[in-house]
Amino acid sequence: MEKSNLIEMNNIGIVVENIDNAISFFSEIGLIVEGRGMVEGEWAGQVTGLGNQSVEVVMMVTPDGHSRLEISRFIKPTTISDHRTAPVNSLGYLRIMFRVDNIDELVPRLLEKGAELVGEIVNYENVYKLCYIRGSEGLLIGLAEQLNNKSEK
């Protein structure tokens with residue numbers, strides 16, 4: 001059998017309680033709703049191992065069309081654990097990092113939507129401005145503004 005080759009990273013998935021608030025928050029960063037619907041039935045449970053399930057899903061895409069965020073709200077079965085407020089040094093999938101073009105303008109808008117700045121906006125060796133925020137439902141989000149070669153997007 002021929003060895004499989006990686007083609008692309010398709011998406012990152014997160015689970016939320018309020019899908020409309022998550023859409024509003026990630027739209028503020030610049031993601032665009034690509035589709036929204038229900039994923040239900042035994043077939044879906046065969047993929048996830050959760051059995052018969054009902055999940056509302058929205059797919060959001062970055063403006064360049066290369067990266068997607070799949071936001072899910074489980075109706076059945078209900079969620080069984082909550083890692084949203086875990087610190088950045090916790091084990092597991094923990095944060096999403098977005099490259100933006102004006103972090104100083106974006107952060108105040110996100111704070112107005114209820115986000116919290118985790119530490120500070122820092123300048124890393126005049127290459128990036130970086131910060132972590134807790135966004136919709138306490139999700140940890142990284143923001144990075146490239147300071148040199150800004151025209152490369």
Side-chain angles (χ1 to χ4, degrees), residues 6 8-124 127-147 153:
L6 177 66
E8 68 181 10
M9 187 180 95
N10 191 274
N11 69 65
I12 295 171
I14 60 171
V15 177
V16 299
E17 288 180 310
N18 188 317
I19 206 162
D20 291 321
N21 285 350
I23 291 168
S24 176
F25 178 79
F26 288 108
S27 293
E28 194 71 31
I29 292 175
L31 277 79
I32 302 157
V33 173
E34 187 175 52
R36 184 174 181 170
M38 296 298 294
V39 176
E40 300 179 289
E42 288 293 333
W43 73 269
Q46 289 174 328
V47 174
T48 63
L50 296 177
N52 191 18
Q53 65 184 40
S54 179
V55 183
E56 183 179 14
V57 176
V58 65
M59 189 67 74
M60 298 190 77
V61 63
T62 55
D64 66 5
H66 293 285
S67 302
R68 287 170 176 73
L69 179 63
E70 180 180 306
I71 304 170
S72 303
R73 180 180 67 89
F74 276 80
I75 299 161
K76 183 176 97 181
T78 58
T79 55
I80 59 168
S81 62
D82 189 341
H83 305 286
R84 291 176 289 187
T85 58
V88 72
N89 61 340
S90 299
L91 297 174
Y93 301 106
L94 196 58
R95 70 145 171 82
I96 303 168
M97 177 70 78
F98 295 102
R99 188 166 68 125
V100 299
D101 65 0
N102 189 343
I103 201 168
D104 293 320
E105 184 278 331
L106 177 59
V107 168
R109 281 194 291 123
L110 296 175
L111 296 177
E112 286 177 12
K113 288 197 160 282
E116 296 177 15
L117 193 58
V118 173
E120 302 174 20
I121 299 174
V122 299
N123 181 320
Y124 174 71
V127 177
Y128 284 99
K129 276 189 181 178
L130 302 164
C131 73
Y132 283 175
I133 60 170
R134 289 229 177 252
S136 180
E137 298 191 29
L139 297 168
L140 190 59
I141 308 298
L143 300 174
E145 177 184 348
Q146 187 173 353
L147 297 175
K153 299 216 181 208

Glu34 bridged to Arg68 by N-O distance under 4.0 Å: yes

From CA spacing to verdict: side-chain contact (heavy atoms from CB on, under 4.5 Å), Ile141, Phe25: CA-CA 11 Å; Ile141 308 298; Phe25 178 79; 3.9 Å; yes

Stepwise side-chain contact (heavy atoms from CB on, under 4.5 Å) check, Tyr124 with Leu147: CA-CA 9 Å; Tyr124 174 71; Leu147 297 175; over 6 Å; no

Close side-chain approach of Ser54 and Met38, heavy atoms under 4.5 Å: yes

Non-hydrogen side-chain atoms of Ser90 and Pro87 separated by less than 4.5 Å: yes

Leu110 side chain reached by Glu28 side chain, heavy atoms, under 4.5 Å: yes

Pairwise side-chain contact, Val55 with Glu40, heavy-atom cut-off 4.5 Å (strictly under): no

Heavy-atom pair with the smallest gap, counting every atom of Ala115 and Gly135: CB-CA, 4.2 Å

Tyr128 backbone acceptor or donor facing Gln146 side chain under 3.5 Å: no

side-chain contact (heavy atoms from CB on, under 4.5 Å) partners of Arg36, counting only residues at least two apart: Ile19, Asp20, Ile23, Glu56, Val58

Nearest heavy atoms of Arg95 and Gly142, plus distance in Å: CD-N, 4.4 Å

Sequence-distant partners of Thr85, side-chain contact (heavy atoms from CB on, under 4.5 Å), two or more places apart: none

Nearest atoms (heavy-atom pairs only) where Lys76 meets Asn52: NZ-ND2, 3.2 Å

Shortest non-hydrogen contact from Arg134 toward Ala86: NH2-O, 2.6 Å

Name of the residue among Val61, Leu31, Thr62 meeting side chain to side chain contact (heavy atoms under 4.5 Å, CB included) with Leu69: Leu31

Side-chain heavy-atom pair Met60, Ser27 within 4.5 angstrom cut-off: yes

CA sep, side-chain torsions, deciding dist, call: Glu105, Val100, side-chain contact (heavy atoms from CB on, under 4.5 Å): CA-CA 10 Å; Glu105 184 278 331; Val100 299; over 6 Å; no

side-chain contact (heavy atoms from CB on, under 4.5 Å) involving Arg84 - partner list, sequence neighbours excluded: Glu17, Asp82, Glu137, Leu139

Within residues 114-123 or reaching into it, pairs that qualify as side chain to side chain donor-acceptor pair (under 3.5 Å) - sequence neighbours excluded: Asn123-Asn126

Nearest heavy atoms of Phe26 and Ile14, plus distance in Å: CE1-CD1, 3.8 Å

Any Tyr132 side-chain heavy atom under 4.5 Å of Met97 side chain: yes

Listed partners of Thr48 passing side chain to side chain donor-acceptor pair (under 3.5 Å), at least two apart: Gln53

Residues that Pro108 engages under side-chain contact (heavy atoms from CB on, under 4.5 Å), provided they are two or more places apart: none

Step-by-step side-chain contact (heavy atoms from CB on, under 4.5 Å) determination, Ile103 to Cys131: CA-CA 9 Å; Ile103 201 168; Cys131 73; 3.7 Å; yes

